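Computed from a prediction, not measured in an experiment: that's the story for all the values here. Numbers restart at 1 for each chain; the letters A, B, ... are given by sequence-line order, proteins then strands.
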Amino acid sequence: GIQVEQSPPDLILQEGANSTLRCNFSDSVNNLQWFHQNPWGQLINLFYIPSGTKQNGRLSATTVATERYSLLYISSSQTTDSGVYFCAVRKGNSGYSTLTFGKGTMLLVSP
Amino acid sequence: DTGVSQDPRHKITKRGQNVTFRCDPISEHNRLYWYRQTLGQGPEFLTYFQNEAQLEKSRLLSDRFSAERPKGSFSTLEIQRTEQGDSAMYLCASSAGHNYGYTFGSGTRLTVV
């Protein structure tokens, strides 16, 4: 199956700092999503971004499909950004329909 | 639309008992997915429905697990003869299609004692 690697595994920031999270994947994809899992376990969809760049407030994401990676940028971080960020992909042109998740990046933003 | 709902939020059961979880997807979404998540790991795929048809099952879904989606609306996931290794968060998601974003429910946390 497709491999998804996220880095760094853990990240500690002071409030107001910027950060970049990376997702590498081992094959072509036709679906890539970034999720935030809050401390209560709720997974929130941040971006559907199989290619290109999107922005939503302080968050933005870029996927370079030809080079098999995606980046999630968090600017001016806030304590509420704490949690685990997951990248999930679906292999392109496959009969397998589901998303495969990486192991996540755990982010802690301190006041 | 209130999003994806899962019930119950928490379930504690004794080993060997059967449990059933329910998921109500977003009404316009015809695709429904079940995932399992253990501590420190990303969600792992269990099974997928398109309308009422169960189209894919993971090797993680042993014969003690069964899922249904009657009439293509809500879905249930049943675990028979629970084992301690079944303790996990069970997550349900729905989407409008393969190449759309997934919306997850809040999950059901199962503890087998």
Side-chain angles (χ1 to χ4, degrees), chain A residues 1-7 9-10 21 23-25 28-52 54 56 59 61 63 65 70 72 83-106, chain B residues 2-6 8-11 23 25-26 29-51 53-61 67 87-111:
Chain A
I2 193 167
Q3 306 301 311
V4 183
E5 293 184 1
Q6 292 187 242
S7 60
D10 304 282
L21 281 55
C23 172
N24 292 334
F25 41 93
S28 62
V29 299
N30 59 14
N31 187 327
L32 187 148
Q33 301 181 42
W34 283 96
F35 295 89
H36 174 222
Q37 189 165 42
N38 65 25
W40 296 271
Q42 175 72 56
L43 271 167
I44 305 296
N45 191 305
L46 299 175
F47 294 103
Y48 167 76
I49 187 166
S51 64
K54 290 186 178 180
N56 184 1
L59 302 182
T63 298
S70 183
L72 178 69
V84 184
Y85 289 81
F86 288 104
C87 169
V89 304
R90 174 177 180 258
K91 186 177 175 181
N93 300 321
S94 75
Y96 201 51
S97 65
T98 192
L99 291 179
T100 298
F101 282 74
K103 292 191 174 183
T105 291
M106 181 172 290
Chain B
T2 56
V4 178
S5 299
Q6 290 190 246
R9 290 294 308 275
H10 303 274
K11 179 71 177 178
C23 172
I26 292 173
H29 289 178
N30 62 358
R31 293 163 196 259
L32 185 147
Y33 310 85
W34 284 99
Y35 281 78
R36 183 174 72 182
Q37 186 178 23
T38 53
L39 200 62
Q41 302 296 316
E44 296 174 291
F45 169 71
L46 292 178
T47 190
Y48 150 64
F49 291 85
Q50 182 171 329
N51 299 311
Q54 187 175 18
L55 297 185
E56 289 184 43
K57 292 194 288 187
S58 161
R59 280 170 283 184
L60 290 176
L61 212 68
S87 295
M89 174 79 88
Y90 290 83
L91 295 161
C92 176
S94 69
S95 75
H98 280 330
N99 296 328
Y100 288 80
Y102 284 23
T103 301
F104 277 86
S106 299
T108 294
R109 184 170 296 281
L110 173 67
T111 302

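Proximity to chain A (any heavy atom under 4.5 Å) is restricted, for B/Leu91, to the side chain, taken from C-beta onward. In this structure, the portions of B/Ser106 lying under 4.5 Å from any heavy atom of chain A include both its backbone and its side chain. In this structure, the portion of A/Gln37 lying under 4.5 Å from any heavy atom of chain B is its side chain and not its backbone.
For the atom pair B/Gln37 CD and A/Phe86 CZ, the distance stands at 5.0 Å (nearest 0.5 Å). Atom CD of A/Gln33 and atom CZ of B/Phe104 lie 8.0 Å apart (nearest 0.5 Å).
In this structure, the ring pair (Phe, Tyr, Trp, His ring centres under 6.0 Å) partners of A/His36, at least two apart in sequence or on a different chain, are A/Tyr85.
Your options are B/Ala93, B/Pro43, B/Ser95, B/Gly105, and the one with the most heavy-atom pairs under 4.5 Å with chain A is B/Pro43.
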Inset, instruction - Might you work through the side chain to side chain contact (heavy atoms under 4.5 Å, CB included) test for A/Thr98 and B/Tyr35, ending with a clear yes or no? - result: CA-CA 10 Å; A/Thr98 192; B/Tyr35 281 78; 2.4 Å; yes

Inset, instruction - Using the ring pair (Phe, Tyr, Trp, His ring centres under 6.0 Å) rule, take B/Tyr102 and A/Phe35 through it: C-alpha gap first, then chi angles, then the decisive distance, then the call. - result: CA-CA 9 Å; B/Tyr102 284 23; A/Phe35 295 89; 7.0 Å; no

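The environment of B/Tyr100 atom OH is sparse: at most 12 non-hydrogen atoms of other residues, nucleotides or ligands sit within 6.0 angstrom.
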